[in-house]
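Every chain is numbered from 1 and lettered A, B, ... according to where its sequence line falls, protein lines coming before strand lines. In this text, all values refer to a predicted model and were calculated from it rather than measured experimentally.
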Number of protein chains: 4
Amino acid sequence: MKKADKHKKILAAAIHVFGEKGFYNARISDIAKEAKVADGTIYLYFNNKHDILLTLFEEEIGKLIVQIKGAIAEEKDPRKMLKIFAHNHMKLVIEKKELAEVLQMELRQSSAPIKQYRNTSFADYINIISDIIHMGQEIKVFRSNLMPGVIKRAFFGALDEMSRLWILAPDNTYSMTECAEQITNIFLHGIVPAESH
Amino acid sequence: MKKADKHKKILAAAIHVFGEKGFYNARISDIAKEAKVADGTIYLYFNNKHDILLTLFEEEIGKLIVQIKGAIAEEKDPRKMLKIFAHNHMKLVIEKKELAEVLQMELRQSSAPIKQYRNTSFADYINIISDIIHMGQEIKVFRSNLMPGVIKRAFFGALDEMSRLWILAPDNTYSMTECAEQITNIFLHGIVPAESH
Amino acid sequence: MKKADKHKKILAAAIHVFGEKGFYNARISDIAKEAKVADGTIYLYFNNKHDILLTLFEEEIGKLIVQIKGAIAEEKDPRKMLKIFAHNHMKLVIEKKELAEVLQMELRQSSAPIKQYRNTSFADYINIISDIIHMGQEIKVFRSNLMPGVIKRAFFGALDEMSRLWILAPDNTYSMTECAEQITNIFLHGIVPAESH
Amino acid sequence: MKKADKHKKILAAAIHVFGEKGFYNARISDIAKEAKVADGTIYLYFNNKHDILLTLFEEEIGKLIVQIKGAIAEEKDPRKMLKIFAHNHMKLVIEKKELAEVLQMELRQSSAPIKQYRNTSFADYINIISDIIHMGQEIKVFRSNLMPGVIKRAFFGALDEMSRLWILAPDNTYSMTECAEQITNIFLHGIVPAESH
DNA sequence: GATGAATGAGACTTCATTCAT
DNA sequence: TATGAATGAAGTCTCATTCAT
């Protein structure tokens, strides 16, 4: 097995274990068992337990950004881009449930390295939204009196909270696709009927 | 000092310490020092470390619910109620920054008792939103083709994500009041200009 | 309530609690609750936890010695005295089950103060047996080629082991009286010279 | 060093420390130091402090039973078997003084697991005596009007009490061999029918 | 590189004892 | 004298990390 493979294998195991138990309740030996390596082997690939989490954030979120940018690239209409973002986000949550779980849990922690992390790589992901908003405001399909910095967080927060529900109880009645649809719809048009504007 | 006072004092210290370091990085001795009691004293008022967190949730969220319901009670228009909720939530975050920090961090954890907790007491808080939505749909000021269960989460998620930003960096440029305003505005009317509907 | 009464009450409670849980598993607060006094009150009557145990040994064994000497006093025949001792010992075990339990458990401990104790006050109790043996050897009703120091321990050990069984399971089939009888019988017809058979 | 060796080493250290201080006064760190391992290492071999004691009982008493049965096996005369048992018991006490000390102390404790233990494995050891008595009663060398269940305890109790003396003060004047001799003598000439004298 | 037994710092928690009331 | 809340020393046990094989 190549070095990169074992690195991947350990990271995959970490996603599984962190997702299930949370970072602090996860044991290095849990990850080692899941990855089918010895405890000590993990330290040949990572500096320490925190490093596994950080690496996991870095590498996996990087992939997400690449993927979602690719999905949006072909589209020109910011309204549709927003819809694509929402659907893509939900799809990611479903396909990478365990990773989503880890991100939801650990990105909220306030330990110094994580705080810093939220301000860099993770921000890139959310900034995709504000880029879309900017674009929409320039071509006047979005109102210009709303701040992109607020909208991006509101939009992401809405999707994130919705996906948390699904992660906690994946058997819920609202399909994630329908959720993405409704949330985009709400953000685009509001909940007050158009005629009453 | 009365017994109830020491209970409060320890809980206040716990909010401070948990908020600063997170549950798992907080030491009982940190809380004790903050509360200016001996380590052992904490165990006269709480069964164990987890119990402090649970009690904290139980007692503090209860208060929030009471407060926010009071704030909304006088209002009849669901649109205004939503605005009041948003403003009140932000006000709470500012006034009880440390508590907000703890809630944001720990309610995401996946340990069994917390998961269960999210499904009960905490749900009551969010359900205030869906109640408002229902009301609005009945009197036709809100569109009826949107699911209250989705809206409540989207709305709460938006506020929550916004307040996280403020908690991490309280010196940010967007005032929380302005945020509450914009988020309510987005939810009510959408980001697409009305005339283009 | 007089001072002496509270002293007694605490001691009685200690016998109960030590008997039930053993010295190390007994809590001062258990004894206090049993004695219906505050924890702190105990320290007005005893120096510390160990002191309760020591006092208990001292005072209670003292009583036993007085009682058993009284029971034997009227008798002249060493063979009958031995029988009386056995019966009396068993009676004590039954009547003061909890005290017996404490003595059985704690007199075996090897902590310094207890070791010392076994060599003094408790020895007095057992020495009643060797005194009887001596007497019997002098008037030739007991074989003189057996060492009183061995017999006293063997006899006490036999009774003690038998009573341990009863303490652990008071509902056993052998009555304690019958046991005392048999043990005395065994010892007598062994230590009585063969020619007197 | 093989895994089994370290298990042994820790157990040997535990026997030493428990024998010296008693279970409750023994510290895990004492045992670790004695065994020349780290505190944590002990928990790789045992679940907890109590488990060390239980394992110690289980493994060591098992060995004693095997040994003593072997010693008796060649003999046919129940009277001689009893003598062999007594001598062997005393020899064990001398050779395994520390283990004997632990057994004497801890088997008297009343904690649930130990009580239960006394009723199972330890009972096997004492039952060797009653088996001998039964045998002797069948071939009429022992009186049949004495209950084996009483005799076994009386005999064991006598030996046990005697060995306690030696353990507390190994420099005493009565040699253990002589004690075994006298105790057997006392018991034999009591349980052997008078007419066979 | 890989292993996993060993380490030992450090956490939580208990409870005998004190002392202000 | 009596109380019982408070103390804090000290113990058991966990687990990230190391290192000899």
Participant: In whole angstrom, what separates A:I28's CD1 from E:dA5's P?
Facilitator: 17 Å
Participant: Rounding to a whole Å, what distance do you find between A:N25:CG and F:dT14:P?
Facilitator: 14 Å
Participant: What are the residues of residues 41-55 of chain A, sorted by number, that bring a heavy atom to within less than 4.0 Å of DNA chain E?
Facilitator: A:T41, A:L44, A:Y45
Participant: Does F:dT1 have OP1 or OP2 sitting under 4.0 Å from an N or O in the side chain of C:K6?
Facilitator: no
Participant: Using whole Å, what does the distance between atom P of nucleotide F:dA5 and atom NE2 of B:H7 come to?
Facilitator: 15 Å
Participant: Just wondering, more than 12 heavy atoms not from C:K97 lying within 6.0 Å of its NZ?
Facilitator: yes
Participant: Mind checking if C:A26 touches a base, just sugar-phosphate, or nothing, with heavy atoms under 4.0 Å?
Facilitator: sugar-phosphate
Participant: Kindly say whether B:D51 contributes a backbone atom to a donor-acceptor pair with the side chain of B:T55 at under 3.5 angstrom?
Facilitator: yes
Participant: Answer yes or no: is there a side-chain heavy-atom contact under 4.5 Å between A:I52 and A:I28?
Facilitator: yes
Participant: For C:D39 and for B:S29, find the nucleotide of DNA chain E with the closest heavy atom, then tell me which residue's nucleotide is more 5'.
Facilitator: B:S29
Participant: Do B:K49 and B:R27 make a side-chain contact, defined as non-hydrogen atoms from C-beta onward lying under 4.5 Å apart?
Facilitator: yes
Participant: Grab the NZ-C1' distance between C:K36 and F:dT1 for me, whole Å please.
Facilitator: 20 Å
Participant: Just the rounded figure in Å: distance from P of F:dA5 to NZ of C:K33.
Facilitator: 12 Å
Participant: Could you tell me how far apart D:D5 (CG) and E:dA5 (P) are, to the nearest whole angstrom?
Facilitator: 14 Å
Participant: Grab the stems for DNA chain E, please: at least three consecutive Watson-Crick or wobble pairs, both distances below 3.5 Å, written as range with range.
Facilitator: E:2-21 with F:2-21
Participant: If I take atom OH in residue B:Y24 and atom P in nucleotide F:dT14, what distance separates them, rounded to the nearest angstrom?
Facilitator: 16 Å
Participant: Picking from C:Y24, C:F57, C:F23, what satisfies ring pair (Phe, Tyr, Trp, His ring centres under 6.0 Å) with C:F18?
Facilitator: C:F23
Participant: Nearest-nucleotide wise, let me know which of C:G40 and B:G40 is further upstream toward the 5' end of DNA chain F.
Facilitator: C:G40
Participant: Taking atom C1' of F:dT7 as reference, at what distance in whole Å does atom CD1 of B:I31 sit?
Facilitator: 18 Å
Participant: When you compare the side chain of C:L53 with that of C:V102, does any pair of heavy atoms fall below 4.5 Å?
Facilitator: yes
Participant: Closer than 4.0 Å, any side-chain N/O of C:R27 to the OP1 or OP2 of E:dA16?
Facilitator: yes
Participant: Are any of the side-chain nitrogens in A:E59 or A:K63 under 4.0 Å away from the carboxylate oxygens of its partner?
Facilitator: no
Participant: Salt-bridged, C:D160 to D:R108, with N to O below 4.0 Å?
Facilitator: no
Participant: Applying the side-chain contact (heavy atoms from CB on, under 4.5 Å) test to D:K6, which of D:V37, D:I42, D:L44 qualifies?
Facilitator: D:V37
